[in-house]
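Remember, it's a predicted structure, so these values are computed and weren't measured experimentally. The first residue of the sequence shown is numbered 1, and numbering continues consecutively from there. Only this structure's heavy atoms are used, side chains among them; waters, hydrogens and symmetry mates stay out. For ligands, and for the atoms within them, numbers begin at 1 and follow the listed sequence.
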Amino acid sequence: MNGGTSCGFVALIGAPNAGKSTLINWLVGSKVSIVSRKAQTTRGTVRGIVLEGAAQIIFVDTPGIFAPKRRLDRAMVAAAWSSAGNADVAALLVDVLRGVDADVEAILGRLPQSAAKKILVLNKIDTIEPPKLLELAARLNSVLPFVQTFMISALRGHGVAKLKQDLGALMPPGPWLYPEDQISDVPLRLLAAEITREKLFDRLHDELPYSSTVETELWQDMPDGSARIEQTIYVMREGHKKIVVGEGGRTIKAIGTAARKEISEAAGQKAHLILFVKVRENWLDDPERYVEMGLDFPKD
Ligand SMILES: Nc1nc2c(ncn2[C@@H]2O[C@H](COP(=O)(O)OP(=O)(O)OP(=O)(O)O)[C@@H](O)[C@H]2O)c(=O)[nH]1
Ligand SMILES: [Mg+2]
């Protein structure tokens with residue numbers, strides 16, 4: 001007996017920047033995964049847990065799928081495909097303004113290999129006119145017949161309640177895997193590191209955000225109820241360190257202030273955030289960094 005409950009996994013997959021993390025945050029009603037204007041923001045998978053009537057839907061935010069070059073890219077793309085393969089439903093998010101580009105084409109080519117039910121989620125409908133939307137829906141469904149097509153704006157929340165409702169109905173019968181009040185599987189120290197990385201993405205340009213990573217080294221609860229949090233920002237060059245620190249320490253201070261505020265909110269306690277910047281030329285080839293990101297280390 002399962003008490004009439006159902007539970008399953010929905011992998012959110014798509015090209016970088018399609019709006020997967022924005023959508024999972026809206027569905028969960030809280031920030032569980034970081035978002036930025038830049039592509040390739042999400043590096044590891046993040047689960048966001050949502051209740052819809054008697055159904056528990058475990059959404060899996062994944063890194064964007066693109067033609068990988070570096071080792072880290074390969075690890076990210078592999079993690080996304082693995083999530084799609086293990087899910088009950090694979091939801092393909094497409095940025096309607098971008099339409100079907102090479103990344104989307106490549107995803108459409110490989111998606112049939114996944115045993116999951118496939119649904120299409122056209123996102124960013126606030127950016128184009130309805131006739132174009134219908135055209136795109138028809139085109140994509142002619143390439144791969146989706147079980148259902150949704151049109152949403154993850155940014156504004158349009159169409160998201162309907163998406164959640166219909167996905168609830170697709171979940172297989174079974175007991176809930178998570179306690180009913182749990183919203184994510186991300187440990188607070190990892191979320192805190194991700195929040196700081198989001199602020200790096202916000203403030204730094206060009207290749208720097210892609211060649212840096214953030215780790216929480218210490219989380220110490222203080223007698224007054226606050227937390228002392230130490231994080232390290234790894235960069236690849238001395239010159240990068242200078243940019244992250246900024247003139248007179250201005251950039252790192254701004255990153256720290258913005259991150260501390262949000263980490264305090266997420267943790268529900270006052271935070272003292274201490275940031276260190278370290279040059280680690282080869283961190284992209286260091287297996288330990290991948291463990292921290294929750295990724296498998298590709299051997300070559
Ligand atoms: N106009 C508009 N912008 C959106 C919408 N959804 C997401 N965005 C924006 O698109 C950008 C990328 O959003 P993310 O949620 O980080 O995208 P992602 O698919 O998780 O990206 P990666 O993690 O890099 O694969 C951000 O600037 C979002 O604000 C939407 O419905 N409308
Ligand atoms: Mg993302």
Side-chain angles (χ1 to χ4, degrees), residues 10-48 59-70 72-84 90-99 101-104 106-107 120-130 132-133 136-137 149-164 184-186 190-191 193-195 197-205 207-214 262 293-295:
V10 178
L12 304 176
I13 66 161
N17 218 41
K20 302 174 292 296
S21 302
T22 306
L23 176 60
I24 203 169
N25 290 339
W26 188 284
L27 284 160
V28 171
S30 181
K31 181 140 120 194
V32 296
S33 192
I34 63 170
V35 167
S36 91
R37 280 174 288 117
K38 296 190 177 75
Q40 297 161 40
T41 303
T42 305
R43 287 180 177 166
T45 58
V46 174
R47 290 181 183 181
F59 288 97
V60 186
D61 184 20
T62 67
I65 296 172
F66 60 105
K69 289 195 192 86
R70 307 171 306 170
L72 175 59
D73 303 343
R74 289 197 296 280
M76 285 159 54
V77 172
W81 279 118
S82 152
S83 297
L92 172 62
L93 260 80
V94 174
D95 174 341
V96 294
L97 194 60
R98 215 171 124 183
D101 60 9
D103 286 336
V104 175
I107 297 170
L120 176 64
V121 180
L122 297 177
N123 186 33
K124 311 197 188 182
I125 58 167
D126 52 291
T127 61
I128 65 166
E129 296 302 319
K132 281 197 177 154
L133 205 56
L136 187 61
T149 297
F150 298 87
M151 299 179 187
I152 69 159
S153 169
L155 189 65
R156 300 188 181 170
H158 295 158
V160 179
K162 167 91 166 77
L163 171 69
K164 195 169 87 167
S184 165
D185 71 333
V186 191
L190 177 58
L191 181 62
E194 286 287 274
I195 289 171
R197 196 163 63 80
E198 183 186 77
K199 306 312 166 201
L200 271 173
F201 265 72
D202 284 349
R203 281 175 179 74
L204 301 173
H205 304 289
E207 90 283 16
L208 226 161
Y210 302 103
S211 55
S212 58
T213 192
V214 182
E262 222 178 285
M293 291 184 273
L295 290 171

The OG1(Thr42)-the Mg ion (ligand 2)-OG(Ser21) angle, to 10°, is 90°

Give yes or no for whether the N/O distance cutoff of 3.5 Å, strictly under, is met between Val35 and ligand 1. no

Out of Met76, Lys124, Arg37, Arg43, the nearest non-hydrogen contact to atom 10 (O) of ligand 1 is supplied by Lys124

When distances are taken from atom 13 (O) of ligand 1, the protein heavy atom at minimum range is Thr22 OG1, 3.5 Å

Any side-chain heavy-atom pair of Leu97 and Lys124 under 4.5 Å:
no

heavy-atom search around atom 25 (O) of ligand 1 in the protein gives Lys20 NZ, 2.9 Å

the protein heavy atom lying closest to atom 6 (N) of ligand 1 turns out to be Asn123 ND2, 3.3 Å

Ligand 1 atoms nearer than 4.0 angstrom to some heavy atom of Pro16 are 25 (O)

What one should report as the nearest heavy-atom pair of Met151 and Ala137 is CE-CB, 3.9 Å

Arg74 and Lys69 have their tightest heavy-atom pair at NH1-O, 3.0 Å

Residues Lys38 and Tyr210: closest non-hydrogen pair is CB-OH, 3.4 Å

heavy-atom search around atom 26 (C) of ligand 1 in the protein gives Ser36 O, 3.4 Å

How about Leu72 and Thr213: do any of their side-chain heavy atoms sit closer than 4.5 Å? no

Ala39 to ligand 1, any heavy atom closer than 4.0 Å: yes

Out of Asp95, Ile13, Val46, Asn17, the nearest non-hydrogen contact to atom 11 (C) of ligand 1 is supplied by Asn17

the protein heavy atom lying closest to atom 29 (O) of ligand 1 turns out to be Leu155 CD1, 3.7 Å

When rounded to the nearest 0.5 Å, the distance separating OG of Ser184 from NZ of Lys31 is 13.0 Å

Under 4.0 Å from one or more heavy atoms of Gly19, ligand 1 contributes atoms 7 (C), 13 (O), 14 (P), 15 (O), 17 (O), 18 (P), 19 (O)

To the nearest 0.5 Å, atom CD1 of Ile152 lies from atom CD1 of Ile125 at 8.0 Å

Per-atom filter on ligand 1: closer than 4.0 angstrom to a heavy atom of Gln40 are 24 (O)

Next on the checklist: Within the 3.5 Å criterion, strictly below it, is a donor on Ser21 or Thr42 matched to an acceptor on the partner's side chain?
Outcome noted: yes

Ligand 1 to Gly64, heavy atom cutoff 4.0 Å, flagged ligand atoms 25 (O)

Within 4.0 Å of some non-hydrogen atom of Thr127, the atoms of ligand 1 are 1 (N)

Nearest heavy-atom approach of Val121 to Ala91 is CG2-CB, 4.2 Å

The closest protein heavy-atom partner of atom 1 (N) of ligand 1 is Asp126 OD2, 2.8 Å

Note: Arg197 and Thr41 closest approach over all heavy atoms is NH2-O, 2.8 Å

